[in-house]
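Read through the structure below, which is laid out as C-alpha cells, and then see the notes.
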Amino acid sequence: MTSVSATASTPIRRNGGGGGGGGGGGASSVSVDKVHNPYGSTAGAGSGEFHIYRHARAREMARLKGLDEEEARAQADAEYAQKIEGWKNEEERKTEKRRKKRKREKEARERKKNLELGGIIAGPAGEGGGDGNGGEGAAAAAAGGGIDDEFEYVPMQQ
C-alpha cells in the first residue's frame, strides 16, 4: 500500500517534462489529438472503406454548408441592421425638422401675442379690419406704418 500511495501523490510527467526543475511543467506537455479518420494503414481498401469515406465526406459537406449558412445569416443580419440604422437616421432627421417647425411656430405665436399686448398690432383676426392679415392692415394703417406703406395700390383699368 505504501508504494501505491507514494506513486499516486507524485506528478505524472510526459515527454520532455523530465528532471532539473527547470520550470518545464504543464505548459510544455504534449497533447495528443484524437484521430477522427478511421482509415487503416493497410495498402488495400476493404469493402467497407467506401461507406466510411462516404460518411466522412457527408460530415464535411454538412460542416461546410453550415459555415456558408452562418456566413450568409451574418451578412443578412448586418444588412438588416444597416437598413434599420438608415431608417432611424431618416426618422430622426424628420423629427428634428418637425421640432424646429413647431418651435418657429411657437415663437411666432409668442411674438404676435407680445405685439398684441404692446398695442403694436390689433387683436385676433376677427377683431381687425377683416383684411385677412390677422388684423395687421388696419392697425398698421392707423399707426402710420407697416407693410402696406411699402406698396401703393393702383386698381387695374379695363
Quick check: are there more than 12 heavy atoms from other residues, nucleotides or ligands sitting under 6.0 Å from [atom1] of [X]?
{"X": "Glu90", "atom1": "CD", "result": "yes"}
{"X": "Glu96", "atom1": "CD", "result": "yes"}
{"X": "Arg57", "atom1": "CZ", "result": "no"}

(request) Verify salt bridge (charged side-chain N to carboxylate O under 4.0 Å, His left out) between Glu60 and Arg63, making sure each step is shown before the conclusion. (result) CA-CA 5 Å; Glu60 180 66 13; Arg63 185 183 74 85; 2.8 Å; yes

Nearest 0.5 Å, please: how far is [atom2] in [Y] from [atom1] in [X]?
{"X": "Glu85", "Y": "Tyr80", "atom1": "CD", "atom2": "OH", "answer": "12.5 Å"}
{"X": "Glu79", "Y": "Ile84", "atom1": "CD", "atom2": "CD1", "answer": "13.0 Å"}
{"X": "Lys106", "Y": "Glu110", "atom1": "NZ", "atom2": "CD", "answer": "6.5 Å"}
{"X": "Glu69", "Y": "Leu67", "atom1": "CD", "atom2": "CG", "answer": "9.5 Å"}

(message) Do Glu92 and Lys88 have side chains that approach each other closer than 4.5 Å (heavy atoms only, starting at C-beta)?
(response)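 No, every pair of side-chain atoms sits at 4.5 Å or beyond.
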
(request) Dump the intermediate steps for side chain to side chain contact (heavy atoms under 4.5 Å, CB included) on Arg99 and Lys103, then the final yes or no. (result) CA-CA 6 Å; Arg99 183 180 300 125; Lys103 185 178 178 185; 5.7 Å; no

(message) So, applying side-chain contact (heavy atoms from CB on, under 4.5 Å) with Lys100, which one of Arg104, Arg102, Arg98 is it?
(response)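 Running side-chain contact (heavy atoms from CB on, under 4.5 Å) over Arg104, Arg102, Arg98 with Lys100 returns exactly one hit, Arg104.
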
(message) For Arg109, run the side-chain contact (heavy atoms from CB on, under 4.5 Å) check against Glu105, Glu107, Arg111, Lys113 and tell me which one passes.
(response)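 Of all the options given, the one that passes is Glu105.
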
